[in-house]
Amino acid sequence: LLGHGEQIAAKAIGYTSPLALLKHHHEINYLTIQICFLQGLFNWLGAVAIDLLIPKEGETKSARKMNQCMATTLVTISFWITAFYNYHLNFYDDYAQM
């Protein structure tokens with residue numbers, strides 16, 4: 001407020017961001033939204049990877065290798081996302097305990 005940044009708001013209401021307010025007052029809603037988004041993202045990445053792995057008619061050998069490479073990349077990204085969330089969780093030891 002009044003150009004003093006988050007310090008004034010933190011002193012007045014005790015939260016430095018809307019996300020901190022949501023975590024404090026509606027933790028179960030926050031966790032549900034976070035888990036559902038992440039699960040949806042994993043489902044979508046998995047579906048795209050499976051679609052890339054299915055051989056198509058008239059596909060050349062180089063296109064097949066590229067599709068396999070892209071599918072492997074998507075699976076690797078999924079593992080990286082899981083590792084990132086496991087490392088950066090504030091309230092829980094890992095994603096499974098969330």
Side-chain angles (χ1 to χ4, degrees):
L1 298 175
L2 303 175
H4 295 290
E6 296 179 359
Q7 296 174 356
I8 300 297
K11 291 177 185 174
I13 60 172
Y15 304 106
T16 58
S17 69
L19 191 57
L21 176 76
L22 182 65
K23 280 182 182 178
H24 183 262
H25 290 288
H26 304 287
E27 184 176 1
I28 188 68
N29 296 350
Y30 171 75
L31 292 176
T32 303
I33 290 168
Q34 187 177 16
I35 289 171
C36 289
F37 171 76
L38 199 57
Q39 188 61 45
L41 180 64
F42 287 148
N43 288 342
W44 180 74
L45 288 172
V48 171
I50 289 171
D51 185 50
L52 287 170
L53 286 175
I54 296 173
K56 289 142 182 100
E57 288 186 33
E59 187 176 44
T60 63
K61 190 173 183 178
S62 62
R64 178 81 183 120
K65 286 189 179 274
M66 182 56 89
N67 285 342
Q68 288 174 345
C69 178
M70 292 302 297
T72 304
T73 302
L74 290 175
V75 171
T76 303
I77 288 172
S78 296
F79 285 131
W80 283 353
I81 291 171
T82 304
F84 178 83
Y85 272 95
N86 276 338
Y87 182 74
H88 289 91
L89 289 174
N90 293 329
F91 304 113
Y92 304 97
D93 291 334
D94 60 10
Y95 182 67
Q97 288 183 353
M98 190 189 276

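A quick note: this is a predicted structure, and the numbers were derived from the prediction, not measured. FYI, the numbering just counts along the sequence from 1.
For residues 66-76, the set of pairs meeting the side-chain hydrogen bond (donor to acceptor under 3.5 Å, both in side chains) definition, not counting sequence neighbours, comprises Glu59-Asn67.
Placement of Ile77 and Leu41 within a single hydrophobic cluster is found when ILVMFWY residues are connected by side-chain heavy-atom separations under 4.5 Å, directly or transitively. Under the 4.5 Å side-chain heavy-atom criterion for grouping Ile, Leu, Val, Met, Phe, Trp and Tyr, Trp80 is not connected to Leu38 through any hydrophobic cluster.
Under a cut-off of 6.0 angstrom, the local environment of NZ in Lys56 is crowded, with over 12 non-hydrogen atoms contributed by other residues, nucleotides or ligands.
Taking a 4.5 Å side-chain heavy-atom cut-off between Ile, Leu, Val, Met, Phe, Trp and Tyr, the cluster of Ile33 contains only that residue.
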Check: residues 43-54 side-chain donor-acceptor pairs under 3.5 Å, at least two apart:
unit_1: Asn43; atom_1: OD1; unit_2: Gln39; atom_2: NE2; d: 3.2
unit_1: Asn43; atom_1: ND2; unit_2: Gln39; atom_2: O; d: 3.4

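Atom-to-atom distance recorded for Phe42:CZ and Thr82:OG1 is 3.0 Å, nearest 0.5 angstrom.
Annotation: side-chain contact (heavy atoms from CB on, under 4.5 Å) contacts of Ser62 (sequence neighbours excluded): Thr60.
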